[in-house]
Amino acid sequence: MNVLNSSDDSSFLAATQEKMLGEGLEDLRHFATQAARLRSALDMMTSLGDENMDRRAEKMRWQFEVFEPSVTMIGQIKSGKTSLVNMLVGTPDLLPADVNPWTSVVTSLHLHPEQEGFENSASFSFFDRDEWDKLVSGGGRIGELASRAGADDELEKIKQQVARMREKSRTRLGRKFEMLLGQKRDYGYFDKALIERYVCLGEEPDAQDAPISDAQGRFADITKSADLNMERPALPIRLCIRDTPGVNDTFMMREQITIRAIRDSRICVVVLSAHQALTSTDMALIRLITHVKSRDVIIFVNRIDELSDPATQVEQIRESIEETLRVHKGPENAEILFGSALWASFALQMQTEDLPAPSRASLEKWAVDASGEAPAHLGPAEVWALSGLPKLQAAIGKRVAEGIGAAFLERVAQSASNLLDGLAAADRISASASDENERPSMNAQEARKAMERLVVTQKTALRATFDDILAEFSSRMERVQDSFLDRATASLVVHLEKNGELTPWTYDPAGLRVLLSASHKVLARKSGQAFNAATLSAREEIAAIYCGAFGLGAREIDITPPRAPQTPAPVTLGRTIALDLNGSWWKRWWLQRRGYEAYAASFYDLIKSETSPVISELRDDVANSVRDEACAVFDAFLSEQFSVFETLEQSKSAGADEMLRQVAAKTSHDRLEQIREARKIISGFQQT
């Protein structure tokens, strides 16, 4: 093994690692440069206006500090997903790569660019009592299904498994067990041992009085999520990588946790094993990504180091994945990358000479170029490039820069442009305040009351509109559900009459998902229309007040409304429905019914109970989040315009001496040059 001991060697190692970790980050670096340019315009603005203007500009600057795009990693158990996450964060052995299947932990790694004085920190949240009780009393989602279907044997097995899990937790935690539920623990550091204590399986102590305070996995059973803050060499902006548990889940607790994680991120990386690739048995995984935009899905096939001839087999795997996605209507044209977290780990640690012989042989075959020639040297830099990590970083960076990043810069630029327009209008008001011919149709008191009234009425109107949209959305989904249940039940009755109850019968719930997805698209369209109508209405009313109070025409102050927020993907439609399963309890369900009417009635009740949570999640989580985000952006727009109004009001009401001072200050060469430069920068980020 290559060992680096001297300080010179350590410095060389750190510099080499940082260079490798920086590969593929070109788009993120370009975004960081653009963000710095826009922020420089905001820096100029903080010294150009009054207190209101400064406060708004400072708030926009603060948005750059907290901007953190997130990427959710999902995949099969044993796909090497966590090892891949470790490589993305630049720490090969940080997260345990063998997280126990009982653990349902989402680990969010908040990566920060290098900065002086930064210190690592960690936070671990525990399941609350309701979540824990739901798991241990009913066996999670599988327990719910088995209970509804009357599969007593299956339910009993699940309850026995859960009982063992519960007792194991109580043994580990003792009297603290009940106290910890719903709590959170924060640390000003983290290391591998601390992480393993919360997210990795541990063994029960041999003796009842054996010390367990630092035992591996002591809190794993009740840990719901982990958040780690750390520096990431070469990273130009903040970024969050979310490592989720595998989707193969006994209790299906992970499924809902993973759905939430995907919903909170715009970008999803699906990690597959080269030996498993993607097959029809991975329907749970396919369903989870079907409702994410294809542009936001990256498929990374890991562990190609275990292929005997990756150069040949990779294309076969690619074709197989594409065919599976096509047949099962998965994301179209999703980007598929290939690589090896193992190769990346050896490369980052400068230990490529120690690669196992079979892995080295695969690497050499993978390294053969188009001309059929193998490279003369396979050092750390070459192995890192072949591992696929730079391409994965590039794919993530491109999606951040062109997606959520571009939208963020445009939104900030739009707000900044409105403030600059207000600033320019205030300058004109100050310069012409002594003109006796200027007779506004509204006095100061009338104008302020009109502006305050506008804010209240516009907010109320948009919320009322969304209440109607959401009520219609809920009714539409219920009609879709009722229609699906009627069709499925009718199909069952026809099957029974034609073939009898001993012949297997299946009914695909994909049709329900398609109709609910169509309802979601209607929600997205109507929400966007409502938001745009509200902003245009508000703009017209605000412009009328500016005209009446300050004599400003449409050409003298341009009010740019914000774009409608993007509707989140309906990831919850990927939730498993009873009909997606083929367990033995489902087969026995048929044998426990007597008479066709009993079949039909029991089936109707079972599937209604099973699909109602999907409806509820769409209505209560997705639809409400659409309304809340739209209202938040709209409220921010009105608040921004009220600040502009106050700036104009102050310019209009200034006394003669103050007015002369303002005019002199506002017409200085340096100030006008700053305004022109700020406007030039901001205009480059606005869409036409």
Side-chain angles (χ1 to χ4, degrees), residues 41 44-45 48-57 60 413-459 532-562 634-656 658-668 671-680 682-683 686 688:
M44 296 178 195
M45 290 173 57
L48 296 177
D50 59 10
E51 188 176 311
N52 292 323
M53 191 74 67
D54 292 349
R55 187 170 58 249
R56 297 298 302 181
M60 284 187 280
Q414 170 263 314
S415 294
S417 178
N418 281 336
L419 292 184
L420 272 182
D421 286 336
L423 184 65
D427 287 359
R428 287 193 291 273
I429 290 173
S430 296
S432 61
S434 60
D435 190 343
E436 294 297 327
N437 294 323
E438 294 290 336
R439 297 292 183 185
S441 59
M442 301 172 67
N443 61 39
Q445 188 176 9
E446 291 172 337
R448 175 166 279 271
K449 285 184 177 180
M451 197 69 185
E452 291 173 345
R453 186 167 55 250
L454 177 148
V455 170
V456 173
T457 56
Q458 287 285 350
K459 286 183 178 181
N532 291 333
T535 54
L536 292 176
S537 173
R539 182 175 69 172
E540 290 178 2
E541 286 195 44
I542 294 168
I545 293 174
Y546 288 168
C547 179
F550 311 114
L552 296 172
R555 294 183 178 180
E556 294 179 286
I557 181 166
D558 183 25
I559 303 171
T560 306
F634 186 64
D635 292 354
F637 169 64
L638 294 178
S639 177
E640 166 192 299
Q641 287 303 314
F642 200 90
S643 290
V644 171
F645 170 83
E646 290 182 321
T647 296
L648 300 177
E649 184 182 46
Q650 183 175 343
S651 296
K652 188 68 177 177
S653 61
E658 174 64 16
M659 185 172 53
L660 290 174
R661 187 192 66 77
Q662 287 185 13
V663 170
K666 292 176 179 180
T667 55
S668 68
R671 184 174 182 279
L672 293 177
E673 186 62 32
Q674 279 185 298
I675 291 176
R676 281 194 292 268
E677 180 62 23
R679 187 176 296 281
K680 179 181 177 182
I682 290 168
S683 63
Q686 292 180 276
T688 56

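It should be emphasised that the depicted structure is a prediction, and the values quoted were computed from it without experimental measurement.
Side-chain contact check for Arg676 versus Glu673: some heavy-atom pair is nearer than 4.5 Å. With contacts defined as side-chain heavy-atom distances shorter than 4.5 Å, the pair Tyr546/Met451 qualifies. Gln458 places none of its side-chain heavy atoms less than 4.5 Å from the side chain of Ile542. Using a 4.5 Å cut-off on side-chain heavy atoms (C-beta onward), Val644 and Ile559 make no contact. Within the 4.5 Å cutoff, the side chain of Gln414 has heavy atoms near those of the Glu640 side chain. Residues Leu638 and Leu454 are in side-chain contact: their nearest non-hydrogen atoms beyond the backbone lie under 4.5 Å apart. Between Met60 and Leu419 there is a side-chain heavy-atom pair separated by less than 4.5 Å.
Interatomic distance, Met45 CE to Leu420 CG, rounded to the nearest 0.5 Å: 4.0 Å. Interatomic distance, CG of Asn418 versus CG of Leu423, reported as 12.5 Å (0.5 Å rounding).
Within the structure, salt bridge (Lys or Arg N to Asp or Glu O under 4.0 Å) contacts touching residues 445-456 (residues at least two apart or in different chains) are Arg448-Glu452, Arg448-Glu646, Arg448-Glu649.
Summarising the geometry of Ile557 relative to Ala425, their closest heavy-atom pair is CD1-CB, 4.1 Å, with the distance given to 0.1 Å. Across all their heavy atoms, Arg539 and Pro561 have their closest contact at NH1-CD, 3.5 Å. Nearest heavy atoms, Ala41 versus Ile682: CB-CG1, 3.9 Å. Scanning both residues, Ala424 and Arg679, for their nearest heavy atoms gives CB-NH2, 4.2 Å. Pairing each heavy atom of Ala447 with each of Ala549, the nearest pair is CB-CB, 3.5 Å. Across Phe637 and Thr535, no two heavy atoms sit closer than the pair CE2-O, 4.2 Å.
Taking the side-chain hydrogen bond (donor to acceptor under 3.5 Å, both in side chains) definition, one finds that Thr457 meets it with nothing, sequence neighbours left out.
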